[in-house]
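Shown next, in structure tokens, is the structure this report addresses.
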Amino acid sequence: MRHLLGITHLQRADVEEILAVADSFAEVTRRSIPKVPALRGRTIVLGFFEDSTRTRVSFETAAKRLSADTVSFSSSGTSVSKGESLRDTALTLQAIGADCLVVRHASSGAPWQLARWLERTCVVNAGDGAHEHPTQALLDCWTLTRKLGPLDGMHLVIVGDVAHSRVARSNVAAFTLLGADVTVVAPRTLLAADIESWARAPGSVKTSDDLDRALASADAVYLLRMQLERQHEALVPSLREYTERFGLTRRRLDQLAERVAVLHPGPMNRGVEIAPEAADDPRSLILSQVEAGVNVRMAVLFLTLGGQHAVEGVAGE
Ligand code: CP
């Protein structure tokens, strides 16, 4: 794996390999000194051209636990603010010695473009526009499989602002690749027209506007953030009505079966797509998702940068 650009170009065996490697890094994370020399001498640039808390901090933690050198890079305070192009910026980082560029960018497709320009630097997509967020989907698969077991035949319900969500596209692909049936629940104005093409198995995704009905047979419910900053017109009559129809409200939480897991990629709009009581409920895996992010991102950096050399490094610890 030279780059990780999206879930759409991965096969089931690729995802399973990443999850299995993440298992071994979970063991490293539990050690008193959670560090291995697997990527010693490698330089990872964290290029965050768009805001992030979870993804940026967990990639940086993952890189440090693998003993890589890290450099943080954003638009402000660099020559990007003077108008330097993405290509010139990327070639500059490669010339300085970046072995890997972890990139978050507001522009869909930016990581694919970078991968075409860079010959010696691997590219890991940390979220591009409304397109893909592959490491979020991988950490969600890891969290769910550790909680529920294999996803084959599971019914996973994804709710909310699908139209503006890179998480939804990557997660529909990843969940269906692992055998789950997915129901996407959203107002028609927040659905994507091509959603059936996101599924990796024919007929494994369907859409609905009836959340209560979908939840009745769900094994997990995944709330998406209402992305008000990406909505340039009124797509729902009001947030109050949206919450009433599509939010995991206190009423729905009280009706939810005990076995149903609750997930959200963060950051949450508490009181909009998810009630505070639901976010903090024992069924909520939201902080487990954050924890999983470090192990899964260690696995992704290890597999893109390390290969067999790195396997020896881990085994030697
Ligand atoms: N889930 C997610 O990508 O969160 P951040 O934007 O904080 O990285």
Side-chain angles (χ1 to χ4, degrees), residues 1-9 39 42-64 68-140 161 163-171 224-232 265-269 290 293-294 296-298 300-301 304-305:
M1 194 166 73
R2 190 163 114 70
H3 305 292
L4 177 68
L5 301 177
I7 298 293
T8 43
H9 67 279
L39 297 183
R42 301 301 191 97
T43 300
I44 297 174
V45 175
L46 304 161
F48 279 72
F49 299 87
E50 189 192 78
D51 294 345
S52 166
T53 299
R54 279 147 286 270
T55 312
R56 187 177 62 75
V57 174
S58 62
F59 262 117
E60 186 163 356
T61 304
K64 288 186 190 310
D69 297 317
T70 58
V71 180
S72 285
F73 187 91
S74 64
S75 309
S76 67
T78 67
S79 291
V80 173
S81 66
K82 300 178 198 164
E84 187 165 40
S85 71
L86 184 62
R87 182 171 182 273
D88 286 337
T89 302
L91 293 176
T92 300
L93 295 171
Q94 178 173 259
I96 285 168
D99 295 297
C100 179
L101 175 57
V102 175
V103 64
R104 168 167 291 192
H105 205 285
S107 180
S108 296
W112 274 259
Q113 193 60 60
L114 287 164
R116 277 193 284 274
W117 290 326
L118 295 173
E119 288 170 6
R120 299 190 303 277
T121 304
C122 71
V123 178
V124 174
N125 183 358
D128 64 314
H131 185 215
E132 278 244 31
H133 195 348
T135 59
Q136 179 70 47
L138 291 165
L139 74 86
D140 291 330
D161 184 0
H164 301 93
S165 175
R166 54 194 171 213
V167 174
R169 184 191 302 265
S170 291
N171 275 7
L224 296 171
R225 185 169 70 86
M226 192 66 162
Q227 301 199 34
L228 297 169
E229 77 280 11
R230 291 182 199 263
Q231 296 178 16
H232 303 300
M268 290 180 273
N269 294 310
V290 177
V294 177
V296 168
R297 288 172 175 131
M298 285 173 83
V300 167
L301 294 174
T304 46
L305 274 169

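Just so you know, these numbers use all the heavy atoms, side chains as well, and skip hydrogens, waters and symmetry mates. Note that the structure is predicted; figures quoted are calculated from it, not measured.
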Problem - Heavy-atom side-chain contact between Arg225 and Pro267 under 4.5 Å - result: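 Arg225 vs Pro267: side chains touch.
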
Handout entry: Stepwise side chain to side chain contact (heavy atoms under 4.5 Å, CB included) check, Thr304 with Val123
Key = CA-CA 8 Å; Thr304 46; Val123 178; over 6 Å; no

Practice task
Go through the structure and list residues passing side-chain contact (heavy atoms from CB on, under 4.5 Å) with Ala68, not counting sequence neighbours.
Solution key: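 Scan of Ala68 (side-chain contact (heavy atoms from CB on, under 4.5 Å), adjacent residues dropped) gives Leu39, Ile44, Ala63.
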
Practice task
Output all residues satisfying side-chain contact (heavy atoms from CB on, under 4.5 Å) with Thr121, sequence neighbours left out; order by chain, then residue number.
Solution key: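 Partners of Thr121 under the side-chain contact (heavy atoms from CB on, under 4.5 Å) test: Gln94, Ala98, Leu101, Leu118.
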
Handout entry: All pairs passing ring pair (Phe, Tyr, Trp, His ring centres under 6.0 Å) where residues 74-99 contributes a residue, at least two apart
Key =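 Listed once each, the pairs would be none.
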
How long is the span from the [atom1] atom in [X] to the [atom2] atom in [Y], to the nearest 0.5 Å?
X: Thr55; Y: Arg297; atom1: OG1; atom2: CZ; result: 4.5 Å
X: Glu50; Y: His105; atom1: CD; atom2: NE2; result: 9.0 Å
X: Leu114; Y: His3; atom1: CG; atom2: NE2; result: 9.5 Å
X: Leu46; Y: Ser52; atom1: CG; atom2: OG; result: 10.0 Å
X: Leu138; Y: Ile7; atom1: CG; atom2: CD1; result: 4.0 Å
X: Arg42; Y: Asp99; atom1: CZ; atom2: CG; result: 5.0 Å

Work out which heavy atom in [X] is nearest to a heavy atom in [Y]; give both atom names and the distance.
X: Asp128; Y: Gly109; answer: OD2-N, 2.7 Å
X: Pro134; Y: Ser170; answer: N-OG, 3.8 Å
X: Leu5; Y: Pro111; answer: CD2-O, 3.7 Å
X: Leu139; Y: Gly293; answer: CD2-CA, 3.7 Å

Practice task
Please work out whether the ring planes of His131 and Trp112 are parallel, tilted or perpendicular, with thresholds of 30° and 60°.
Solution key: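 If you compare the ring of His131 with that of Trp112, the planes turn out tilted.
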
Problem - Side-chain donor/acceptor of Ser165 to backbone N/O of Ala168, under 3.5 Å - result: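 Here the side-chain-to-backbone pair exists.
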
Handout entry: Backbone N/O of Val57 and side chain of Thr61: donor-acceptor pair under 3.5 Å
Key =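 Yes, the answer is positive, given that a donor and an acceptor are paired below the 3.5 Å cut-off.
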
Handout entry: With Phe48 via ring pair (Phe, Tyr, Trp, His ring centres under 6.0 Å) - residues at least two apart
Key =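 Partners of Phe48 under the ring pair (Phe, Tyr, Trp, His ring centres under 6.0 Å) test: none.
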
Problem - Within residues 69-80 or reaching into it, pairs that qualify as side-chain hydrogen bond (donor to acceptor under 3.5 Å, both in side chains) - sequence neighbours excluded - result: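 Listed once each, the pairs are Lys64-Thr70.
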
Handout entry: Polar contact flag, side-chain donor to acceptor under 3.5 angstrom, His133-Arg104
Key =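 On atom types as modelled, these side chains qualify, holding a pair under 3.5 Å.
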
Listed pairs under 3.5 Å, donor-acceptor, residues 85-93 side chains, sequence neighbours left out:
{"from": "Ser85", "atom 1": "OG", "to": "Asp88", "atom 2": "N", "distance (Å)": "3.0"}
{"from": "Ser85", "atom 1": "OG", "to": "Asp88", "atom 2": "OD2", "distance (Å)": "3.3"}
{"from": "Thr89", "atom 1": "OG1", "to": "Ser85", "atom 2": "O", "distance (Å)": "2.7"}
{"from": "Thr92", "atom 1": "OG1", "to": "Asp88", "atom 2": "O", "distance (Å)": "2.7"}

Exercise for the section: Kindly indicate, with the supporting measurements, whether the criterion side chain to side chain contact (heavy atoms under 4.5 Å, CB included) is fulfilled by Thr43 and Ile96. Expected result: CA-CA 10 Å; Thr43 300; Ile96 285 168; over 6 Å; no

